[in-house]
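The block underneath contains the structure these notes are about, expressed in structure tokens.
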Number of protein chains: 2
Amino acid sequence: MSNKQALKQYDIKKYRTPDGYTSDICVFTIISEKNEAYKPPTMDLKIMLIKRAGLDSEGNMNIEANKWAIPGGFVQDDETGFQAAKRELEEETNISGIHIKQFGVYDKPGRDPRGWIISNAHYAIVPDTYLSLRKAQDDAADIELFSIKDVLKLDLAFDHEQIIGDAIQVITNDLLQTTVAKNFLPENFTYSELQAVLRTVTDDPAILSDQSFSRKIKSLPFIQEVQGKTTTRTSKRATKLYTFIEMDILKPIYTARY
Amino acid sequence: MSNKQALKQYDIKKYRTPDGYTSDICVFTIISEKNEAYKPPTMDLKIMLIKRAGLDSEGNMNIEANKWAIPGGFVQDDETGFQAAKRELEEETNISGIHIKQFGVYDKPGRDPRGWIISNAHYAIVPDTYLSLRKAQDDAADIELFSIKDVLKLDLAFDHEQIIGDAIQVITNDLLQTTVAKNFLPENFTYSELQAVLRTVTDDPAILSDQSFSRKIKSLPFIQEVQGKTTTRTSKRATKLYTFIEMDILKPIYTARY
DNA sequence: TTTTTAATTAACAAATTGTTTATTGTTAAT
DNA sequence: ATTAACAATAAACAATTTGTTAATTAAAAA
């Protein structure tokens, strides 16, 4: 093999190179649907899409015109795909410290009719406050939030149906198996606020039950009760606040209960 | 944004394109260290590396010569990175149906001195039988298996230290949170064989304890007892055999015990 | 003052786990 | 033939955690 390997490794010119390298971002947000006073919120997980213009900048018919797509752009040769995602999103939203995670590469030949273009896909979590603002201020009819329950029914550009489907699966997993939920919550949150975030992606009865969840939250090693502070955001009665502790959690499926 | 977006999306020529797109593979295997008769095995998780040649095919000094590296090669324009990984590995090993999973993209500017080369990284699980054979038959001094405990101490080519470190973390997670362990085991396996696989990546006392693990395995929904078949591979006494059932498992960290 | 409601505690049966001790069935040694 | 050794696993039981239902608390609203 070492010969074959050597050839492969060094004869760059023999191989066609890609026509483009893009970074695409599935922007997720959670909006509180009912936000009445003294009530725990009801939340829905949404993804932001842009509507592709009918005509391009030179007035010609656009590729995949009028379809919904995830935002993205070309990666520059002095940055990583991750940095490109971060740059584009922070330029766009004027928010820094956005949670972004790379989750997949999309490189199927023919996926983009314009050439051999490799997409590095990310998901991001953006506070709903920004996105509502953004939409109002811009009157941008070409931006919309879609519930993850509906989004896959749309007519989506390129292979974005695949990408979005994967993104939804990845964020669902991450919400349940990491502490990424903290990016949807204030620094200090009540048990019912965390519960509302998790309900957007699970029906687990142990999470749905108020009694079980409010008891369980006290014994989770990655969540700490905030001493001496309460809120009445979700209830007339003062409610305890919790905060996430930074740590890795790895619970084997072999030791869980079923 | 729709204007800026439009520009980015359509003006392909404005952007430099990558000089190469490669598919790299971290090949893992588990070797049974002590394989005495009637004893449960002791296993070690290993990664296969190749030693880069000192000179290239034209007799010139090689880049990153004599360093250890993960195998890989250029992706062709009619295949995906995943297919390239599969193709290379199956060509190489003559085994089909190898478990391969994409886990990361490595695209940091300067990571490869030969140009802007994007690496799509995968891990694969290959039976130890092949790799031992391969090594003996070829007398290939340029191929070696390294324990995951030692491999990061080596002098590794390019950014392969990063890639291998990530691969180890990903396979550790997958071994504990998915049923990927089945790729290291025969179709029907004993509790102590599964236990030995898991021990290569965890110290969890509930997995280490024979009594607990042999009791627990009976109640796991993704494992089924094989009726009417036993083995004496691991014990003088006939031992029950189990098999994995295909299913997704998603256990929230919020419902686990700590 | 009473009603309403979210948060929380209480209480208890049911299920699971940690742990220790015994049993089983075989091989290998005496 | 007997016994020692040993992996597998069953038995037993206390400790812990869960599911579930009921009760309590505190503040707004009627």
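Just so we're on the same page: letters track the sequence lines, and every chain starts at 1.
- Only A:R215, A:K216, listed by number, bring a heavy atom of residues 215-223 of chain A to less than 4.0 angstrom from any atom of DNA chain D.
- Between its two ends, the helix from C:dT1-D:dA30 to C:dT30-D:dA1 turns its axis by 10°, counting five pairs per end and rounding to 10 degrees.
- Annotation: proximity of residues 225-237 of chain A to DNA chain D (heavy atom, distance under 4.0 Å) is found for A:K236, A:R237, numbered in ascending order.
- Within 4.0 Å of A:T239, counting heavy atoms only, lie sugar-phosphate atoms of the nucleic acid but no base atom.
- For A:Y242 and A:F222, the ring centers sit 6.0 Å or farther from each other.
- Every residue two or more places apart in sequence or in another chain was checked for a ring pair (Phe, Tyr, Trp, His ring centres under 6.0 Å) with B:H122, and none qualifies.
- Minimum atom distance to the side chain of B:Q211 is reached by D:dA10, of the listed D:dA28, C:dG18, D:dA10.
- The nearest whole Å value for the distance from the NZ atom in B:K240 to the P atom in D:dA10 is 4 Å.
- Protein atom CD of B:E36 is 14 Å distant from nucleotide atom C1' of C:dT27, rounded to whole Å.
- In this structure B:K240 satisfies the salt bridge (Lys or Arg N to Asp or Glu O under 4.0 Å) test with no other residue, sequence neighbours excluded.
- Judged by closest nucleotide on DNA chain D, B:R257 is the one of A:A37 and B:R257 placed further toward the 5' end.
- Atom OH in A:Y258 sits about 15 Å away from atom C1' in C:dT17, given to the nearest Å.
- Scored by the ring pair (Phe, Tyr, Trp, His ring centres under 6.0 Å) test, A:F28 finds no partners at all (sequence neighbours excluded).
- Using a 4.0 Å heavy-atom criterion, one finds that A:S192 contacts the sugar-phosphate atoms exclusively.
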